[in-house]
Amino acid sequence: MKETPLSNCERRFLLRAVQERKRLDGRQCYDYRNVRISFGADYGCCIVELGKTRVLGQVSCELVPPKPNRATEGILFFNLELSPMAAPAFEPGRQSELLVKLNRLIERCLRNSKCIDTESLCVVAGEKVWQIRVDLHLLNHDGNIIDAASIAGIVALCHFRRPDVSVQGEEVTVYTPEERDPVPLSIHHMPVCVSFAFFQQGTYLLVDPSEREERVMDGLLVIAMNKHREICTIQSSGGIMLLKDQVLRCSKITAVKVAEITELIQKALENDQKVRKEGGKFGFAESIPNQKITAFKMERAAVDTKDVEEQAEEIITKADPPSEVFTKPILHTRGTAQIGEGIENAWGDLEESEREEAAEEEGETDATAFECQKMEMEDTSIMNETEKDEPIVLSDSEEEEVVILEPQDTPKKTRTQTNLKQENTSKKTFNKKRKKKRATH
Amino acid sequence: MAARGVPAEACVGQVVLPGDVLLLPAHPDEDAERLRLGASAAPRGRLLCGPGLRRSGAGLLVTKCGLLRHRQAGGGAAAGGAFWVDSQQKRYVPVKGDHVIGIVTAKAGDVFKVDVGGSEQASLSYLAFEGATKRNRPNVQVGDLIYGQFLVANKDMEPEMVCIDSSGRASGMGVIGQDGFLFKVSLGLIRKLLAPKCEIIQELSQLYPFELVLGMNGRIWVKAKTVQQTLIIVNILEACEYMTAEQRKQALAKLSGN
């Protein structure tokens, strides 16, 4: 869909407002919008809100052979996506000029600044290293994507825990979160981008431009800095000539903003850590407030509950008796389970030998589904520890056969962090694991 | 419940969901007959089936979620009353007769292309302005704001706008001035603001004088004396979406106190 055009009167008003040093949302020129950081139930998952701009960050890891010229270094991979969900003008799957520019800037900000110690990601030199993948999704666009994305990227990386590994001779063992606590990445510093919009050839300067301000600005300056006042990246676009002291002033403002944001990030991380340790509630369902629309407010209707029991009895007596309850699902393969004895389903058909192996895993459920959803259903926070060992119980199901499917893509990416555990064999050689992985896909 | 249907009157003011079936009031057979025969044969006028509802058999099928609304029988087209669903959405779909605010995006020969926020741009003839003739063209530039109404709005055709009423008068429509500010709110809020004796507008009008144009496509144009005053109105109207009446009154009291 085409972008909504900017009308002349909006343009004129915005420029006049800039001249009068007023902004649409009542901010001052150097004010940043409110930054909100909320974490998902999974490690390495966060949503960063910058005013109405929202970015979801998700980190995942995988064991891969290293690049031949850097045999002892792990691989960092960043991917920012602009979906039509954020703004109708964004087209899916198209590398627009803006997207390329933003991705490049994210890479320069987070990878080239060497904020992550890539050498610590090496498992076996020249053979196995961790590949850390950072996916950033823009959920809503209200200007200044780059700042929100850079914050989301670094927050997700700080929050992420990779599975612990040990090397004994030739054997590499990847431990599940139950066996050994996952380890955080080693992060040297936290670079954060701050954007400046320039109007009228640099006469006026605004920090953190909103979407409409971005549309009327003449030029943009992005400075990435860490709290030690080290500039990690600086980029000027829009083709305006900046004076030396303008750049210096911007870098001074950046230092102040970065210090504030870094403090906020650390506080948010600490809070999340504390809540997790205490076993309180965490995840998006807990931390993101819901906005209520009042335009159509409905009065709460009183429900007559006098004869509910009789009615329920009546319904139960009238209805057909429920079919037999199966409490033991048969797990054919990861993500495909069968309950009851209906027609055998063809999903994930395995060969005979592999089926035996799969049968061993019977009763084991998968926890790769997005954990937020679970949080909504179950309020217990100890779920995380216990749920993996619980079989799926569908006690009041009236269907004869329930097949539980899950998207096949997610486990692939997040395989290493939500490892399947073996109840009987606590340790498994690395090679065997690789083989199994291939078999399931 | 949905399969059997519930009487439409019982649901008025309640939340309905897509797929719900509503039964028409009183004498279903008679009503169905009347609907089929249309206005000419209708003894008591016909029932109007508004947005979010579709006829299915003898009843109505809900196609949008929202609150079911009903208007009692009156004169005119809806002599038998009207049902519709008040839904909360931001996406505008052109409807014939709606007054909207559009942005001129192109001049193509003797028509202007106008962005109204719908799936397609509307066309606006240069003759559809008050007093416009072949020689006397209206002064419209690309990027200007137009307040007009839809003459044609079908699902498979390009919508067409005009800035005159049936008697050739502008009656408030035309090009909107160069000052002021345009912003977007949800369609539900616009309908609420456009309701007669809307409290929000009445409360705002006691603050200070300002001009306001509301388009059914969710766009609002505001102009007050200063940039500051315009921004205040913009922020209040945007916040009305999430504020309850009491919160709004408090906020306005704070403003008028200053």
Side-chain angles (χ1 to χ4, degrees), chain A residues 1-29 31 33 51-52 84-89 140-143 199 204 210-213 215-216 288-304 311 315, chain B residues 13-15 66-67 69 86-88 91 101-106 113-117 119-121 141-146 176-193 219 221-223 226-228 230-232 234-235 238-245 247-248:
Chain A
M1 215 188 111
K2 257 172 93 175
E3 202 173 13
T4 318
L6 195 73
S7 65
N8 293 344
C9 93
E10 280 170 278
R11 188 182 301 275
R12 195 165 301 151
F13 183 86
L14 285 165
L15 290 175
R16 243 180 64 199
V18 167
Q19 278 174 23
E20 292 185 22
R21 306 199 176 268
K22 299 256 165 36
R23 294 178 77 170
L24 287 186
D25 36 15
R27 279 184 287 163
Q28 298 294 314
C29 299
D31 281 359
R33 282 176 285 182
K52 283 182 194 153
M85 171 170 56
N140 193 33
H141 175 36
D142 191 31
F199 299 85
Y204 300 101
S210 70
E211 196 252 339
R212 284 176 165 193
E213 285 161 350
R215 285 170 80 163
V216 295
I288 295 181
N290 41 358
Q291 276 191 311
K292 291 193 180 100
I293 293 167
T294 57
F296 299 120
K297 217 179 165 201
M298 196 173 79
E299 293 309 317
R300 201 171 281 259
V303 180
D304 186 17
Q311 272 188 12
I315 291 166
Chain B
Q14 303 279 317
V15 173
L67 300 181
R69 302 282 190 198
D86 238 351
S87 65
Q88 188 69 42
R91 188 109 175 90
I101 299 177
I103 304 166
V104 179
T105 55
K113 290 284 173 215
V114 183
D115 176 278
V116 288
S119 61
E120 208 180 346
Q121 296 197 327
Q141 307 298 325
V142 170
D144 277 359
L145 292 181
I146 298 279
I176 299 177
Q178 295 297 315
D179 295 320
F181 189 60
L182 181 83
F183 64 102
K184 269 205 84 173
V185 296
S186 79
L187 301 186
L189 185 62
I190 282 285
R191 284 199 295 270
K192 197 182 175 193
L193 292 172
R219 289 192 182 144
W221 177 85
V222 188
K223 185 191 166 194
T226 62
V227 171
Q228 175 79 28
T230 310
L231 282 174
I232 289 172
V234 169
N235 281 314
E238 271 178 350
C240 275
E241 195 113 14
Y242 303 109
M243 279 199 295
T244 58
Q247 286 173 326
R248 189 182 64 231

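Letters A, B, ... are given to chains in the order of the sequence lines, protein chains preceding strands, and every chain is numbered from 1. Predicted, not measured: the structure shown is a model, and the values here were computed from it.
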Of all residues at least two apart in sequence or in a different chain, which pass the side chain to side chain contact (heavy atoms under 4.5 Å, CB included) check with B:Q141? B:K107, B:N139, B:D144

Gap between atom CG of B:L182 and atom CG of A:L6 - 0.5 Å precision: 9.0 Å

A:F13 vs B:L231 side-chain heavy atoms within contact, under 4.5 Å: yes

Let me know if B:R219 has heavy atoms under 4.5 Å from chain A in its side chain, its backbone, both or neither. side chain

For A:C9 and B:D179 the tightest heavy-atom approach is CB-O, 3.9 Å

Heavy atoms, side chains only, cut-off 4.5 Å: are B:T230 and A:K22 in contact? no

Residues in salt bridge (Lys or Arg N to Asp or Glu O under 4.0 Å) contact with A:R33, at least two apart in sequence or another chain: A:D142, A:D208

Nearest heavy-atom contact between A:S7 and B:I103 is CB-CG2, 3.9 Å

Proximity breakdown for B:V142 and chain A, heavy-atom pairs closer than 4.5 Å: backbone

Quick check on A:E10 against chain B: is it the side chain, the backbone, both or neither that has a heavy atom closer than 4.5 Å? both

Proximity breakdown for A:R11 and chain B, heavy-atom pairs closer than 4.5 Å: neither

As an exercise: rank A:L14, A:N8, A:D25 by heavy-atom pairs under 4.5 Å with chain B and give me the winner. A:N8

B:F181: which of A:R12, A:R16, A:R212 passes side-chain contact (heavy atoms from CB on, under 4.5 Å): A:R212

Of the listed residues (B:G180, B:G177, B:G117, B:G66), which shares the most heavy-atom pairs with chain A below a 4.5 Å separation? B:G180

